[in-house]
A.B. asks: 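Here it is, the structure in full.
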Amino acid sequence: MVNFKEDENLHVLNHSCAHMMAQAVKHLYPNAKFWVGPVVDEGFYYDMDLGDAVLNDEDIEKIEKEMKKIAKSGIKIYRREISKAEALEIFKDDPYKMDLLSNMEDGNISCYDQGDYTDLCRGPHVDNVKLCRNFKLVKHSGVYWKGDASNQVLQRVYGVCFPTPEELEAHLQLLEEAKERDHRKIGKDMNLFMSDDLVGRGLPMFLPNGYLVWQELENYIRTKEQKLGYQHVLTPCVGTVDLYKTSGHWDHYKENMFPPMEVEGESFVLRPMNCPHHMRIYANRPHSYKELPIRIAEIAHDFRFESSGTLKGIERGRHFCQNDSHIFVTPDQIKDEVKGVCDLIFSTYEDFGITDYRCVLSLRDPADTKKYHPDDEMWNKAEQALRETLNEIGIEYTEEIGEAAFYGPKLDVNVKPAIGNEITLSTCQLDFCLPAKFELTYIDADSEKKTPVVLHRAILGSIDRFMAYILEETKGNLPTWLAPVQVKILPIKNDDDELNEYVKKLKYALYDANVRVESDDRSEKFGYKMREAQIQKVPYIAVIGKKEAEEGNVSFRLHGEQETVTVKFDEFVEMIKEDIATKKH
RNA sequence: GCCGGAAUAGCUCAGUCGGUAGAGCACUUCACUCGUAAUGAAGGGGUCGUCAGUUCAAGUCUGAUUUCCGGCUCCA
């Protein structure tokens, strides 16, 4: 997928197209005021104040038409350097431009003229509107001015622009294909999960096939963690409100929690995360520095009252199972342990063939005193420690201000789903805050009580979200070890006793090897059964006819490939076992 | 939560000017026993998301509501 922001030519072209769109909007809505119209990874957009007008799909078509007219006119685009005084005069009727100008310095201001439209802009732009003719407006939305829900709503229109009609067409094709990869569509097609109005919004349920995949993922990560010294626990999905008041989560996140249940004078909530439970497990008995690091892990069921507009299949629901762990360390152990977590993250990605990810060092915004635990010294120490460790390990990352958790900085590993915004798959968070709040201690070598440091980390993130991502990456063609049905046996005939015996023998040999196998002995045409097995995305489709039975062979098709391969019976069973054991992708 | 769009059979969708519901797939039954992506025939299946309103008459028009979709905000 092209990146409009990084490709310089596309960047200039799309930015110019945003201006052309603004010009068209100005023609149709003479009172329109314009906020910003930047190029983003997926194209361009412009945020506009159209007074009381609210755009719908039809209006977008009208704007497209007007844009085509402008592009056809072939008017030229001119750059003009202007003084701040001039700028303030030109845009005096536009409060949005005045707002922008208030932060700009004299001598560094330019604007662009194209026919009857002038816009404040740094540029550069193409020199003629006709170069912007291969465009498409792809979506629109109401957005809060400056992203603040207390501000007025502006109209945002997104578009894309390309040098040639062929490139535009190819891009639109890609957008269509992304819809086919959407995990919600795959989940429905493959009977993996469902949702139900009566159960409730944002509460997806895993069907038998989906739960098989889910269990494989759970077993995979638990086994991996066990080898690394993680100790798995099971804790309840509810806790007292006081538990979350102690941790500080209550103050920061209560509006995103299911509201409290009052029972016998006590107040409980469904838990939105597991840190407090794990803190209390640590506090269950005294600890020596010799025991640390202590790695408490849990595939933990959590509930968050996410805003209705943010729900998205199993990628973001109101219940999910976190692949969570809290690691209690001494300050000296931070680096080694963060390194260990990073190694675990990247070895997991290797197992799944995930290569397209982005690491972010998420820091606090010191100006946002409300969101973050107020202790400058603690933050400086934590951020510095995490940054140093990442540098030492040699991880490439970008720093982002204001993305930290309220209790500490974190390393986030983000990926891009088929549709929508980047999501965080893995995280490793450094926390000097909660251990103190829970008054956790260990006895150090000098017999003094000290406060441990906690690493919060998730590798698969949540099992649910990871499954969504892996479905989209593989387009539902899961690797054999994850596939709900791993082998489908198709007998050529189903009324031949000898053949049936042979099919049964193969089936039981595979059962004995712990392979998920099904045979399709319905009295349907062979081609029909083959088609159905292909649609179900079964990795191995074994074809058994007279020929195979007589020669002790198995013919099979692998993962949608057209060719059929024939091997010996035992060889086939061994091959599948090997495939599953090595988690080949 | 906010802005816009959508909702018709299990699934994908058609339904014209308001006149009482349609296809393909799936399902059931029967026949066919088949060599690599759809065998044929017959049959069952719908309070047109829900609640109001307008009308002689509403899947179709109006309002509210629920859910879903695209964005925005949020994401411990």
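By convention in this document, chain letters (A, B, ...) are assigned in the order of the sequence lines, proteins followed by strands, and residues within each chain are numbered from 1. A quick note: this is a predicted structure, and the numbers were derived from the prediction, not measured.
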A.B. asks: What's the gap between B:G18 and B:U62 when it is taken at their C1' atoms, as a whole Å value?
C.D. replies: 13 Å
A.B. asks: Excluding sequence neighbours, so at least two apart, what forms side chain to side chain contact (heavy atoms under 4.5 Å, CB included) with A:Glu306?
C.D. replies: A:Arg304, A:Thr310, A:Leu311, A:Arg316, A:Arg318
A.B. asks: Rounding to the closest angstrom, what is the interatomic distance between B:U67 and B:A21 at atom C1'?
C.D. replies: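 It comes out at 24 Å once rounded to the nearest Å.
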A.B. asks: Among A:Asn151, A:Asp47, A:Asp99, find the residue that satisfies the side-chain hydrogen bond (donor to acceptor under 3.5 Å, both in side chains) test when tested with A:Lys146.
C.D. replies: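 Among the candidates, only A:Asp99 passes.
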A.B. asks: Looking only at heavy atoms, what is the nearest atom pair of A:Lys568 and A:Glu551, with distance?
C.D. replies: NZ-O, 3.1 Å
A.B. asks: Which residues pass the side chain to side chain donor-acceptor pair (under 3.5 Å) test with A:Arg364, not counting sequence neighbours?
C.D. replies: A:Asp376
A.B. asks: Could you measure between the two P atoms, the one in B:C48 and the one in B:G22, and give it in whole Å?
C.D. replies: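 Going atom to atom, P in each nucleotide, I get 14 Å.
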A.B. asks: Scan nucleotides 8-16 of chain B against the protein and return all N/O pairs shorter than 3.5 Å with their distances rounded to 0.1 Å.
C.D. replies:
from  : atom 1 : to       : atom 2 : distance (Å)
B:U12 : OP1    : A:Lys188 : NZ     : 3.3

A.B. asks: For the residue pair A:Met575 and A:Tyr540, what are the closest heavy atoms and their distance?
C.D. replies: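 In this case the closest contact between A:Met575 and A:Tyr540 is CE-CE2, 3.9 Å.
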A.B. asks: Considering only the P atoms, how many Å lie between B:G70 and B:U12, rounded to the nearest integer?
C.D. replies: 15 Å
A.B. asks: Just jot down the ring pair (Phe, Tyr, Trp, His ring centres under 6.0 Å) partners of A:His249, sequence neighbours excluded, or say none.
C.D. replies: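 Partners of A:His249 by the ring pair (Phe, Tyr, Trp, His ring centres under 6.0 Å) criterion, ordered by chain and then number, come out as A:Phe406.
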A.B. asks: Considering the options A:Lys437, A:Gln429, A:His252, which one meets the side-chain hydrogen bond (donor to acceptor under 3.5 Å, both in side chains) requirement together with A:Tyr407?
C.D. replies: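 Considering A:Lys437, A:Gln429, A:His252, a side-chain hydrogen bond (donor to acceptor under 3.5 Å, both in side chains) with A:Tyr407 is found only for A:Gln429.
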A.B. asks: What residue pairs, at least two apart or across chains, pass salt bridge (Lys or Arg N to Asp or Glu O under 4.0 Å) with a residue in residues 409-429 of chain A?
C.D. replies: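 Listed by first then second residue: A:Arg358-A:Glu422, A:Lys410-A:Asp412.
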A.B. asks: Would you give a per-nucleotide map of nucleotides 64-76 of chain B, 5' to 3', where B means the base has a protein non-hydrogen atom under 4.0 Å away, S means only the sugar-phosphate does, and - means neither?
C.D. replies: ---SSSBBBBBBB
A.B. asks: Using ring pair (Phe, Tyr, Trp, His ring centres under 6.0 Å) as the criterion, list what pairs up with A:Tyr45, not counting sequence neighbours.
C.D. replies: A:Tyr158
A.B. asks: My understanding is that only residues two or more places apart in sequence, or in another chain, count here; which of them pass ring pair (Phe, Tyr, Trp, His ring centres under 6.0 Å) with A:Phe305?
C.D. replies: A:Phe258
A.B. asks: Please check if the distance between the ring centroids of A:Phe569 and A:Tyr502 is under 6.0 Å.
C.D. replies: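 Ring centroids of A:Phe569 and A:Tyr502 are less than 6.0 Å from each other.
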A.B. asks: Does the ring centre of A:Phe4 sit less than 6.0 Å away from the ring centre of A:Phe44?
C.D. replies: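 Centroid separation for A:Phe44 and A:Phe4: 6.0 Å or greater.
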A.B. asks: If you take any heavy atom closer than 4.0 Å to RNA chain B, which residues from residues 36-56 of chain A end up in contact?
C.D. replies: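 A:Val54, A:Leu55, A:Asn56 - these, ordered by number, are the residues of the stretch whose heavy atoms sit under 4.0 Å from the strand.
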A.B. asks: Which parts of nucleotides 33-42 of chain B does protein reach within less than 4.0 Å, heavy atoms only, written one letter per nucleotide 5' to 3' as B for base, S for sugar-phosphate only and - for none?
C.D. replies: BBBBBBB---
A.B. asks: In whole Å, measure the gap between the P atoms of B:G1 and B:G10 for me.
C.D. replies: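 28 Å, rounded to whole Å.
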A.B. asks: Under 6.0 Å from the NZ atom of A:Lys254, do we count more than 12 heavy atoms belonging to anything else shown?
C.D. replies: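 Count over threshold, so yes.
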A.B. asks: Using atom P of each nucleotide, how far apart are B:G15 and B:C34 to the nearest Å?
C.D. replies: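 About 44 Å, rounded to a whole number of Å.
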A.B. asks: Pair A:Arg271, A:Thr235 - check side-chain hydrogen bond (donor to acceptor under 3.5 Å, both in side chains), show working.
C.D. replies: CA-CA 10 Å; A:Arg271 70 168 168 197; A:Thr235 60; 2.6 Å; yes
A.B. asks: Please give the distance between the C1' atoms of B:U60 and B:U20 as a whole number of Å.
C.D. replies: 12 Å
A.B. asks: Below 3.5 Å between N/O atoms, which protein atoms pair up with nucleotides 44-49 of chain B? Just atom names and distances, please.
C.D. replies:
none

A.B. asks: Verify the distance criterion only: is there a donor paired with an acceptor across the side chains of A:His456 and A:Asp431 at less than 3.5 Å?
C.D. replies: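 Yes - a donor-acceptor pair under 3.5 Å links their side chains.
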A.B. asks: Rounded at 0.5 Å granularity, tell me how far CG in A:Asn477 sits from NE2 in A:His559.
C.D. replies: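 Here the rounded value is 5.0 Å.
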A.B. asks: One pair to check against side-chain hydrogen bond (donor to acceptor under 3.5 Å, both in side chains): A:Gln152 and A:Asp49. What are the steps and the verdict?
C.D. replies: CA-CA 9 Å; A:Gln152 70 272 37; A:Asp49 183 340; 4.7 Å; no
A.B. asks: Ignoring hydrogens, what is the shortest heavy-atom contact between A:Cys359 and A:Leu411? Give both atom names and the distance.
C.D. replies: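 Heavy-atom minimum between the residues: CB-CD1, 4.0 Å.
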A.B. asks: Please map the stems of RNA chain B, keeping only stretches of three or more Watson-Crick or G-U wobble pairs with both distances under 3.5 angstrom.
C.D. replies: B:1-7 with B:66-72, B:10-13 with B:22-25, B:27-31 with B:39-43, B:49-53 with B:61-65
A.B. asks: Check A:His183, A:Arg184, A:Lys185, A:Arg181 against A:Glu472 for a side-chain hydrogen bond (donor to acceptor under 3.5 Å, both in side chains) and give me the one that passes.
C.D. replies: A:His183
A.B. asks: C1' atom, B:C68 versus B:A26: distance in rounded Å?
C.D. replies: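 Rounded to whole Å, the distance is 23 Å.
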A.B. asks: Which way is the base of B:C17 turned, syn or anti, if we draw the line at 90° from 0?
C.D. replies: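 Base orientation relative to the sugar is syn.
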